[in-house]
Structure formats: C-alpha cells, structure tokens
Amino acid sequence: MGNNSGELQGSILAVDDDEDVLIALRMLLKRHGATVHTEKDPEKIPSRLKEQRYDVILLDMNFTQDTTTGREGFLWLDRILTLDPSAVVILITAFGGTETAVRAIKEGAVDFVLKPWQNEKLLATVHAALQLSRSRAEVVSLRSRQEAIVAGMTPRYEELIGGSAPMQHVFATIDKVAGTDATVLILGENGTGKELVARAIHRKSKRDSEAFISVDVGALPQSLFESELFGYVKGAFTDARSDRAGRFEAASGGTLFLDEIGNISLSQQAKLLRVLETRSVTRVGSNKQIDVDIRLICATNAPIMDKVGNGEFRQDLLYRINTVEITLPPLRERGDDIPLLAEHFLAEFSRKYEKTGMRFSQATLQRLQKHAWPGNVRELQHAVERAVILADGTTLQPSDFFLARPEEASQTDLDLDTLNLDAVERKVILKAMAKHDGNIQRAARELGLTRPALYRRIEKHGL
C-alpha cells in the first residue's frame, strides 16, 4: 500500500516505555500527516485521555514490570476501554503469536502489530484504524445530536394537544400503528402538525432510541435529491471532497420522515421507489449497494389521489408509502381545541419572553374560536407569540391579535379600488400576512421590511 503525505489525518497517542520505539513511531507517522503524542509511563494514560480524545492509541503490551506475557498490556487495554468505550486501540508487542492476537481482538483491540514492524503494514493498520475511529465518531455524533434534538423539543413535542373528536381519532390511530414498522402517510393542510404526528409515532415505537431524520423532499432541487437522500462518494461531483452518508443511511435503525412527498417529480419518485423496494441505497458515484433499515413516514398537503389520477404521482409508490393513512383535520374543524392550543402557546411564550401572569380575556378566546385559521395551528402559534411580544398589559384582548377577516385573507390579488397609499399599504400587509400564515419574519422579508418596521405598520393600521 503506497501512503502519501497527509493521508493519516488524525491524532495518535503512542504508549511505550522504550524511547527509541516512540521516536521511530513519531517520525514515521508524522511524516504521513498524523498528529502524534508519545508517552513512556502507562500510569499517565488516564490523565492523557482526560486532556483530549485520541483517534487511535498505539499501546505496547510489554512494559518493564512484565516484558514477555503481555498481561500489563491487557490490563491497560481494559483501563482505556473503561475510560472511553469508543477508543480505537492497536496493541504492539515483540512477543506473541496467534493466540495472543485473538485474545487482543476479543478484549477490544482493533488490531495487533508485532515488533519489529514493517512500515507499510503499520501505516496500513493505522490508516484503517483512523477510518474506524471516524466512523465511530460519526455514529456517536449522530446519536448525541438526535438526543439533543429530542431533549430540546420535549416540551413542544411531548404530546399532541387536542380533546376534539377528530383529534381523538388521530391519537387512537397513532397508538395502534406506532408499535409496528408499517409505513404511514400523513395527510393534512399546511400547519396542521404533520411532523408532530410523525415524531409521536417515532417516540412511541420500538425505534425511539434511534435517530429521527426529517427531510422536506418537496424542497430538494432535482440536482441534490439523490446526493441528499442516498449520499455520495468522494469525487462524485465537483464539491464531493469526501464520502458522505445520505439521509437514508443516517436514519438506519430509526425513522425517516419525508415531508411534502406529493411535490416530488416522477423521476424522483422512480428513484425513491427503487430504494423502498430493495431496502438499499447506492451512493452517487458508487456501484455498491448499502442496506438500510428504516421505518418510513411520509406526509403531504397535496391531493395525492388526484395526483395519481392525473398521472402526476405513481400509484405503485403510493401503495408503498400508505400502509396506514392518518388525516389531520384543519384547525377550523376542531374549534374546541383552539382554547387548549392558545393556552399552551401562551404559557410557552410567556416563559420565553419572561412575561408573567399573562392570560386571555373571554372575548379574546371567543374571537380566536371564530377565526377561520387558514394557516392552522402554525398560524395560531405565530399569532399568540406576536400578541405576547407586543401586549402592553397582562390580559390579551382581541385588539392584540392580527386576525384578517376571511374576505381579506382570501384575496388572490390586491384588487386596488383606491389609490390611497394608506389603504394600499394595509392591503399589501394583509396579503403578505395571509400568505405566510401570520409569520411576521417571512412576511417582513417579502415586503422588504425589518420585523420592527412591519410591527410599526401593523400597529399603525390597527391590524
């Protein structure tokens, strides 16, 4: 194996009580790009590992107290793996045969090297160990990120809120399907909480300790669809500087949530169907198939059956993704849930913005229940957040809410029956707010305003 300079990218700790051995290791490995630290005294290994994590540890088995049996080396191997179970350790010894090598692997070493070593063989062994270390680090990173995401979202996603009959039906379906690996298709308008349902299914499933990976496939450009979902290998295209796993691989063992699946092209549908049929992916630029084990949940706000009828969505793919269908009702059909949701969001944003003692007036709750909520739960969430931010008192009144009248919110054009600038500005703001479900930041961006500037105009027009 030919090793070029820069090939061994990583940090290595070499432990040996022979200074000459350490010098030889340091010179060889540094010449090939590694960062090498050396240690003569094995008693200092614990403090070394507390100071930093090494990608690979080269550990001598035969120290001064025990030059032939390797017993001390095995003891230190056990200590290292106790301190860091993911440590990648290569044992080095001048004494030992097949039996010792087998024992070393069984006890947790990744490889075994005999002194005097051949440089090319040692370099190949260290190179493989560095790759293994990177793979382990990626898995640990993925799991820790997922745990952080789940922990961070627990207050928000701990349970779907709703006491209405339509939501009780949704809850019952979630309970029935969660414990299986059946594919689920979630239907519903934007803002109804389709991802919340997907996360609830994952949390109640046998895969809840593994990753939940969410992808808005409808927003993926044609050019990135395969590389994002299936991964790629180094050199597959101009910016592919290293191998990268796609979302299917990242979700293996856990749940993959594909949002807005009704908006992908027929060619993308064909690629997705092939992966679902074979339960394997092929990274862009490679011919190797990689098996994946996922629980698939999809969602769309599109009229999927109409799309099948029009030839815009493959019927065989629909069969693959909708073993069970869950339809989320729009907020206007679950009016009894509006006070529950509003109170939930009020508590959340009161904490976030440190405003204590906030409550709704009875007139406000009645007004919220009468509103059509075209943006569904998401619109209600944004409306409550805005009201909490801007309210002067602790009791939220109807005037604290931007609630466009149905006839205003449903306009598809400006219908300028006046050239009065104030009236035109009011209509433009209404249109932008309705388009973005009451989301101030997105509406301000479209209007070319800052958030404070839009807030001032909303106040000016009494919206």
Side-chain angles (χ1 to χ4, degrees), residues 149-150 152-164 166-167 170-171 186-200 203 214 216 257 259-260 299 301 328-356 358-361 364-391 394-406 409 429-430 432-446 451-452 454-455 458 463:
I149 290 169
V150 171
M153 289 184 171
T154 295
R156 183 89 170 271
Y157 293 108
E158 187 161 6
E159 60 181 27
L160 288 156
I161 295 169
S164 62
M167 287 307 295
V170 169
F171 297 152
I186 306 169
L187 305 174
E189 297 176 7
N190 280 337
T192 49
K194 295 187 288 295
E195 185 168 341
L196 289 180
V197 172
R199 288 183 180 275
R203 194 177 62 248
S214 175
D216 184 353
F257 175 57
D259 200 6
E260 301 306 344
N301 67 340
L328 279 178
L331 190 53
R332 61 185 174 274
E333 293 179 7
R334 40 183 295 219
D336 292 345
D337 291 337
I338 290 174
L340 291 174
L341 288 160
E343 293 287 358
H344 169 75
F345 292 134
L346 180 62
E348 178 184 343
F349 295 122
S350 295
R351 285 193 302 271
K352 180 177 179 180
Y353 298 110
E354 298 180 350
K355 291 193 169 185
T356 57
M358 299 204 77
R359 64 185 186 87
F360 295 106
S361 71
T364 301
L365 288 175
Q366 290 172 355
R367 178 71 181 90
L368 295 181
Q369 281 188 284
K370 289 177 181 177
H371 185 59
W373 300 110
N376 293 296
V377 179
R378 190 181 297 130
E379 183 186 357
L380 175 60
Q381 178 188 5
H382 292 317
V384 174
E385 181 176 17
R386 175 186 173 277
V388 169
I389 292 170
L390 296 179
T394 57
T395 301
L396 296 179
Q397 302 293 344
S399 58
D400 291 313
F401 285 83
F402 163 77
L403 296 175
R405 291 188 295 275
I429 291 172
L430 280 169
M433 293 294 290
K435 177 179 177 181
H436 294 290
D437 300 335
N439 185 301
I440 295 288
Q441 186 170 350
R442 291 203 297 266
R445 188 183 302 125
E446 176 147 333
R451 282 183 65 155
L454 179 54
Y455 278 134
I458 288 172
L463 297 174

(request) Report the residues that fulfil salt bridge (charged side-chain N to carboxylate O under 4.0 Å, His left out) with Arg332, sequence neighbours left out, ordered by chain and then residue number. (result) Glu189
(message) My understanding is that only residues two or more places apart in sequence, or in another chain, count here; which of them pass side chain to side chain contact (heavy atoms under 4.5 Å, CB included) with Ser361?
(response) Ala363, Thr364, Thr395, Gln397, Pro398
(request) State, with a plain yes or no, whether a side-chain heavy atom of Glu195 is found less than 4.5 Å away from one of Ser214. (result) yes
(request) Measure the spacing between CG of Leu365 and CZ of Phe360 and express it to the nearest 0.5 Å. (result) 6.0 Å
(request) Report the residues that fulfil side chain to side chain contact (heavy atoms under 4.5 Å, CB included) with Ile389, sequence neighbours left out, ordered by chain and then residue number. (result) Tyr353, Glu385, Arg451, Tyr455
(message) Could you report the tightest heavy-atom contact between Ala198 and Phe257, atom names first, then the distance?
(response) CB-CD1, 3.5 Å
(request) May I ask you to check whether over 12 heavy atoms, not counting those of Lys370, lie within 6.0 Å of atom NZ? (result) no
(request) Report yes if some heavy atom in the side chain of Lys194 is under 4.5 Å from a heavy atom in the side chain of Asn301; otherwise report no. (result) yes
(request) Work out which heavy atom in Asp336 is nearest to a heavy atom in Pro339; give both atom names and the distance. (result) O-CD, 3.5 Å
(request) Grab the two heavy atoms, one from Ile161 and one from Phe171, that are nearest each other, plus how far apart they are. (result) C-CZ, 4.3 Å
(request) Supply the atom-to-atom distance Phe345 CZ to Lys352 NZ, rounded to the nearest 0.5 angstrom. (result) 12.0 Å
(request) Mind listing the closest non-hydrogen atom pair of Glu379 and Gly375 along with its distance? (result) OE1-N, 2.7 Å
(message) Going by salt bridge (charged side-chain N to carboxylate O under 4.0 Å, His left out), name the residues that satisfy it together with Glu260, two or more places apart in sequence or in a different chain.
(response) none
(request) Only counting residues at least two apart or in another chain, list the ones meeting side chain to side chain contact (heavy atoms under 4.5 Å, CB included) with Ala387. (result) Leu396, Asp400, Phe401
(message) As an exercise, state the distance from CD of Glu343 to OG of Ser350, rounded to the nearest 0.5 Å.
(response) 9.5 Å
(request) Check salt bridge (charged side-chain N to carboxylate O under 4.0 Å, His left out) between Asp337 and all other residues, then give those that pass, not counting sequence neighbours. (result) Arg334
(request) With rounding to the nearest 0.5 Å, note down the distance linking CD in Glu333 to CG in Leu328. (result) 11.0 Å
(message) If I take atom CD from residue Gln381 and atom CZ from residue Phe349, how far apart are they, to the nearest 0.5 angstrom?
(response) 4.5 Å
(message) I need the minimum non-hydrogen distance between Leu368 and Ile338, along with the two atoms involved.
(response) O-CD1, 3.8 Å
(message) Test of understanding: with side chain to side chain contact (heavy atoms under 4.5 Å, CB included), list the residues that count as partners of Arg445, not counting sequence neighbours.
(response) Gln441, Arg442
(request) Check the pair Leu196 / Val377 against side chain to side chain contact (heavy atoms under 4.5 Å, CB included), numbers first and verdict last. (result) CA-CA 11 Å; Leu196 289 180; Val377 179; over 6 Å; no
(message) Quick one, Leu340 and Ser164 - any side-chain contact, counting heavy atoms below 4.5 Å?
(response) no
(request) Using modelled atom types only, decide if a donor and an acceptor are shared between the side chain of Asn376 and the backbone of Pro330 within a distance under 3.5 Å. (result) no
